[in-house]
Amino acid sequence: MSQAPTDHAGIATQNVVEKALQSQGEDRHKLGREKFIERVWEWKKLYGGTIINQLKCMGASCDWSRERFTLDEGLSRAVKEVFVRLYEEGLIYRGDYIINWCPRCHTALSDLEVEHEDVKGKLWYIKYKFTHKAGYVTVATTRPETYLGDTAVAVNPNDERYKDIIGKTVKLPVLNREIPVIADEFVDSSFGTGAVKVTPAHDPNDFEIAKRHNLPFIKIMTGDGKMTEEAGPYRGQDRFVCRKNVLNDLEDLGHLVKITDHDLAIGHCYRCKTIVEPYLSKQWFVKIKSLADEAIKSVKDGRVKIVPSGWENSYFDWMENIKDWCISRQIWWGHRIPVWYCKSCEEIIVSRETPTACKCGSDNLRQDEDVLDTWFSSALWPFSTLGWPDDTEELKTFYPTSVLITGFDILFFWVARMIMMGLKFMGKQPFEHVYIHALIRDAEGQKMSKSKGNVVDPLKMTEAYGTDAVRFTLAAYAAQGRDIKFDEKKVEGYKHFLNKIWNVARFISMNIQEGEKIVPVRELLSDGSPFTFSLADRWILSRVSSVCSEVNQSLDEYRFNDSANILYQFIWHELCDWYVEMIKPELYGDNAESKSAAISTLMHVYETALSLLHPFMPFITEEIWQQLPAGKEVNSLCIRKYPVADEGIKDREAEDKMTVIMDAVNGIRSIRGELNISPSLELKALIKADVSSGDILNANLTYVVKLAGAGEIQIGKEIKSPKNAAVAIKPSMEIYVPLKGLIDFDSEISRLNKEFAKTQKELMFIKKKLANEDFRMKAPKAVVEENQLKCNEYQSKLQGIQDNIDKFKEWGK
RNA sequence: GGGCGAUUAGCUCAGUGGGAGAGCGCUUCCUUCACACGGAAGAGGCCGCUGGUUCAAUCCCAGCAUCGCCUACCA
């Protein structure tokens with residue numbers, strides 16, 4: 001069972017709908033909460049199916065009847081249950097903290113939802129005058145406007161420069177507020193002036209310092225990013241306008257000492273890119289430490305395996321330094337926090353059901369306005385979708401699930417939180433494997449983004465090239481731990497592969513009668529009459545068996561690019577280029593027995609290949625399967641058992657013999673190709689081969705004749721090179737092709753010289769190795785032997801080349 | 001600041017402690033009855049640089065360079 005997740009994407013969705021409202025001259029506050037939510041649901045009905053549709057078009061075979069949405073009834077129930085249980089355990093709390101605030105979205109963001117961008121900024125040095133004496137202390141800041149909210153200046157207690165001013169006070173320019181100089185270990189004496197302004201309500205570090213020293217918290221900014229009453233003359237100004245004005249005024253008053261360049265990373269809202277503000281507000285948090293500890297353990301001890309494992313380090317790093325999770329969002333689209341406040345007695349009621357009255361008897365209750373972070377509900381996905389908190393059959397059957405497939409960019413957002421929640425509420429990990437797939441970038445390697453306009457629409461791709469080609473391309477490039485540069489040219493290339501596959505089907509339907517009885521290969525084998533199989537049959541059967549094991553293994557290891565490439569190479573180059581060509585004489589001939597063996601073999605191999613390919617290209621393989629003239633044991637490929645290797649069909653001898661045939665064919669082809677001899681011209685070939693190779697060639701001569709286009713072939717141990725013959729030298733044979741016209745001795749000699757040089761280089765390399773005493777002593781015996789064999793082989797090949805060069809030189813005189 | 005990854009043929013990328021691979025592109029030949037979205041034959045690479053470990057390094061280790069990504073409260 002495979003489930004495709006869809007969440008309600010709280011902030012993003014609310015933004016989109018709000019923008020739509022804006023263009024109609026409305027806004028959510030005028031509309032009111034209920035009406036607004038209705039609008040979002042309408043929007044969701046229109047567009048919510050987009051991703052699911054894309055998945056369907058891409059041929060994802062999920063159980064669509066089990067489609068779920070994080071705001072569904074059942075899932076919402078799970079959310080409330082989890083919130084209440086965590087609250088009762090003290091793992092959820094509410095408090096005033098500095099959080100990341102998006103002034104445009106009007107909501108808190110978790111740390112993860114802030115994107116940092118390096119910018120070249122400035123460091124402004126501002127002087128605060130002492131109250132007890134003349135002079136001043138200078139502080140450095142990147143955000144000068146925040147000085148309006150300063151409630152102290154901090155220095156390091158060990159900083160000799162400032163020892164005597166600790167406990168004294170300074171006066172803020174313009175506002176004339178008097179603030180103390182305090183000592184705190186946090187301050188780094190070596191940075192800036194070693195004195196830091198403390199703005200408790202607008203900086204997380206300052207917030208911590210302020211708590212340690214009981215400093216007041218002054219909010220100088222509203223949720224809109226505008227200055228408050230506390231900002232005195234700057235009240236009402238936008239934060240960036242205020243900065244300019246503050247700097248101008250400080251300069252005018254002589255408080256601006258200097259300005260230096262300073263690189264810093266500025267946080268932006270991940271949904272709308274607005275610069276976020278550290279903002280003091282009351283939020284709900286999850287106390288995360290104990291949950292994280294268990295989640296770390298589950299990966300360390302292998303209950304959860306992340307593939308590729310390199311991501312485990314990132315996971316640990318983040319989990320080990322995790323901070324409490326801010327889960328409240330000041331938006332309307334999402335799960336409303338199940339907390340009510342009694343207006344009469346201040347009681348806080350946390351409840352699964354909507355309460356009607358407080359303990360105190362009052363029914364004057366108000367529900368918390370905020371909703372939960374979308375990821376809070378997504379984190380429950382593996383069990384909430386299976387019916388939790390009820391103890392359902394689905395949970396018993398499917399939990400823990402086997403694999404989660406996702407992108408690295410939500411490893412922390414989602415994966416880590418699912419692991420934490422799964423362990424906490426189910427007592428078991430939510431999945432055994434996490435496969436982190438590649439991220440798809442554009443052809444230049446840029447991350448896709450709507451603002452860059454380089455987003456590839458999968459539906460457009462499937463329209464242009466077909467779903468199967470797109471899927472196969474992605475699989476073929478999905479090497480672990482690397483992103484995919486998506487280039488349409490690649491898809492174009494794999495479309496040709498589909499064409500190839502289709503043409504094999506055509507070939508089959510042209511040569512196999514509708515309803516022709518196909519004898520299963522294994523029956524023919526077990527019949528005790530293996531000789532009805534040709535060498536080609538035995539070879540391809542052996543090969544397809546190996547391919548089965550290789551594909552299965554690479555799939556098990558999530559090495560999809562290997563699976564795809566193995567299939568590509570096998571189908572195109574072995575099945576099409578060699579096997580199909582080799583059996584044509586049988587198919588066109590009238591030997592019923594061998595023809596029947598060839599047909600059975602062809603069907604077996606092709607069906608197996610289709611089956612192996614089916615997960616990569618479901619549509620074309622199924623279509624072809626439906627049209628196959630005969631042999632199908634099930635009526636749909638998608639329910640056919642995935643092929644596994646039949647070890648009994650592996651045939652080492654056949655593969656070795658094929659190597660000899662291929663050597664002969666390739667040798668003759670090389671001569672033809674390099675001398676530009678027309679394929680229509682039949683060649684005569686003489687092959688000097690040892691007895692065993694000669695026997696193999698003699699027994700399978702038709703292959704060489706057919707594939708090399710040779711009319712007459714002589715084979716023998718004692719064959720001598722005739723005059724005016726081109727030559728090809730292979731490990732087990734020398735091939736001569738006599739040519740009617742005079743051949744160009746010089747070009748033959750240079751061709752052979754080139755090969756001589758290449759072979760000699762390799763031979764020298766190996767000889768040097770073998771001459772090394774250490775190598776012979778310390779290298780594994782098999783390696784030494786292998787090198788010795790190779791040495792002999794190269795030596796005889798080199799001799800053969802030399803002999804032929806000599807002959808050409810002789811003839812050329 | 002910390003961490004991770006990349007660097008291999010013109011391009012895009014696999015790969016391995018013992019003979020450098022694929023696809024596309026390129027060159028030459030071929031419209032032979034599955035396929036010109038094809039077939040056959042070729043050319044093309046100090047496997048980023050410098051050291052170290054090893055009998056042996058493109059691969060392991062260290063450093064460097066360039067590029068990319070993630071992460072971070074030095075004001």
Side-chain angles (χ1 to χ4, degrees), chain A residues 98 111-112 116 123-124 139-143 146 154 186-188 190-199 203-209 262 264-265 267 278 310-311 313-314 317-318 321 323 408-409 411-412 439 441 443 445-447 473 476-477 479 481-485 487 489-490 492-511 559 561-562 565 568-569 572-573 576-577 580-581 584 588 665-666 669-680 707-709 762 765-766 769 772-780 782-784 786-787 790 793-794:
Chain A
I98 298 272
D111 293 338
L112 279 177
H116 294 275
L123 202 53
W124 287 276
V139 296
T141 179
T142 55
R143 298 195 303 149
T146 62
F186 169 80
V187 180
D188 175 0
S190 65
F191 187 89
T193 61
V196 59
K197 55 192 274 315
V198 181
T199 324
D203 183 283
N205 294 318
D206 297 358
F207 177 80
E208 294 299 325
I209 294 176
H262 181 67
L264 71 163
W311 289 108
N313 282 336
S314 307
D317 189 53
W318 187 69
N321 297 302
K323 280 180 291 179
F408 75 87
D409 44 345
L411 184 60
F412 308 136
L439 196 72
R441 302 172 175 278
Q446 299 288 309
K447 203 168 169 176
T473 305
Y477 280 90
R482 254 182 110 125
D483 292 344
I484 298 175
K485 279 195 220 173
D487 190 342
K489 274 187 243 161
K490 292 175 181 168
E492 175 94 47
Y494 283 111
K495 197 181 144 195
H496 297 169
F497 181 44
L498 297 198
N499 187 255
K500 193 76 179 175
I501 293 165
W502 186 258
N503 275 298
V504 181
R506 274 192 59 199
F507 175 77
I508 287 174
S509 67
M510 287 169 76
N511 288 288
R559 294 191 342 260
N561 58 323
D562 282 352
N565 286 315
Y568 184 95
Q569 294 297 328
W572 200 309
H573 298 302
C576 293
D577 290 348
V580 166
E581 293 307 319
K584 277 180 181 172
Y588 301 150
V665 172
N666 286 333
R669 281 176 170 177
S670 286
I671 291 170
R672 187 191 291 278
E674 287 183 44
L675 300 184
N676 274 341
I677 300 165
S678 161
S680 55
L707 296 177
E762 309 227 20
F765 183 70
I766 291 173
K769 232 198 254 191
N772 185 340
E773 196 56 35
D774 280 332
F775 173 70
R776 304 190 68 98
M777 296 291 292
K778 292 179 185 169
V783 173
V784 178
E786 196 186 315
N787 274 275
K790 215 177 293 167
E793 195 178 278
Y794 280 135

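Sequence lines set the chain letters: A, B, ... in the order given, protein chains first and strands last, and positions in each chain run from 1. As the structure is a prediction and not an experimental result, all values here were calculated from the model. Keep in mind that the numbers below use all heavy atoms, side chains included, and drop hydrogens, waters and symmetry copies.
- Taking only side-chain atoms of A:Phe408, from C-beta outward, the nucleotide of B:C70, B:A41, B:G23 with the closest atom is B:C70.
- Residue A:Asn565 is classed as having no contact, given no heavy-atom separation below 4.0 Å to the nucleic acid.
- Nucleic acid contact for A:Phe765: sugar-phosphate only, since backbone atoms but no base atoms lie under 4.0 Å from a heavy atom of the residue.
- When the side-chain nitrogen and oxygen atoms of A:Lys489 are compared with OP1 and OP2 of B:G25, none of them lie within a distance under 4.0 Å.
- In this structure, A:Val139 reaches neither bases nor backbone, as no heavy-atom distance under 4.0 Å exists between it and the strands shown.
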- Apply side chain to side chain donor-acceptor pair (under 3.5 Å) to A:Asn503 and A:Asn499, showing your working. CA-CA 6 Å; A:Asn503 275 298; A:Asn499 187 255; 3.2 Å; yes
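- Across all strands, A:Lys584 comes closer than 4.0 Å to base atoms (heavy-atom distances).
- No engagement by A:Pro278 is indicated, since no non-hydrogen atom pair under 4.0 Å with the nucleic acid exists.
- The side chain of A:His262 lies closest to B:A75, out of B:A75, B:C69, B:C29.
- The residue among A:Ser680 and A:Tyr568 whose nearest nucleotide of RNA chain B lies closer to the 5′ end is A:Tyr568.
- As judged by a 4.0 angstrom heavy-atom cut-off over every strand, A:Asp577 is placed among residues touching the sugar-phosphate backbone only.
- No engagement by A:Glu786 is indicated, since no non-hydrogen atom pair under 4.0 Å with the nucleic acid exists.
- Here the closest heavy-atom approach between residue A:Asn321 and residue A:Asp317 is recorded as ND2-O, 2.9 Å.
- Counting only Watson-Crick and G-U wobble pairs whose two distances sit under 3.5 Å, RNA chain B takes part in these stems of three or more pairs: B:1-7 with B:65-71, B:10-13 with B:21-24, B:26-30 with B:38-42, B:48-52 with B:60-64.
- Among the nucleotides B:U28, B:A14, B:G42, the one closest to the side chain of A:Glu674 is B:G42.
- When heavy atoms are screened at a 4.0 angstrom cut-off, A:Ala154 is found touching no nucleic acid atom at all.
- Not one side-chain nitrogen or oxygen of A:Lys778 sits closer than 4.0 Å to the OP1 or OP2 atom of B:G17.
- For the OP1/OP2 pair of B:U7 and a distance below 4.0 Å, the side-chain nitrogens and oxygens of A:Arg482 include at least one atom meeting the criterion.
- Counting non-hydrogen atoms under 4.0 angstrom, A:Trp572 reaches the backbone sugars and phosphates but no base.
- Residue A:Ala779 is classed as a base contact, given a heavy-atom separation below 4.0 Å to a base.
- Side-chain atoms of A:Asp562 lie closest to B:A14 of the nucleotides B:C55, B:G42, B:A14.
- Side-chain atoms of A:Leu112 and A:Trp318, non-hydrogen and from C-beta on, do get closer than 4.5 Å to each other.
- Annotation: of the two residues near RNA chain B, A:Lys485 and A:Gly194, the 5′-most nearest-nucleotide partner is A:Lys485.
- Using a 4.0 Å heavy-atom cutoff across all strands shown, A:Ser678 reaches no nucleic acid atom at all.
- For B:G23, the OP1/OP2 oxygens have a side-chain nitrogen or oxygen of A:His573 closer than 4.0 Å.
- Contact annotation: A:Asn666 reaches the phosphate of B:A41 (side-chain N/O to OP1 or OP2, under 4.0 Å).
- A donor and an acceptor atom never sit less than 3.5 Å apart when one is taken from the side chain of A:Glu581 and the other from the base of B:A40.
- A:Asn321 comes within 4.0 angstrom of nothing in the nucleic acid, heavy atoms only.
- The side chain of A:His116 lies closest to B:A72, out of B:C55, B:G18, B:A72.
- On a pure distance criterion of 3.5 Å, a polar donor-acceptor pair joins the side chain of A:Asn205 and the base of B:C73.
- Among the atoms of the strands shown, base atoms are found under 4.0 Å from some heavy atom of A:Phe186.
- Counting distance only, with no hydrogens placed and no angle test, the side-chain atoms of A:Lys500 and the base atoms of B:C35 include a donor-acceptor pair under 3.5 Å.
- Comparing B:G18, B:A75, B:C29 by their closest approach to the side chain of A:Asn676 singles out B:C29.
- Contact annotation: A:Tyr588 reaches the phosphate of B:A34 (side-chain N/O to OP1 or OP2, under 4.0 Å).
- Closest to the side chain of A:His496, from the set B:A41, B:C37, B:A40, is B:C37.
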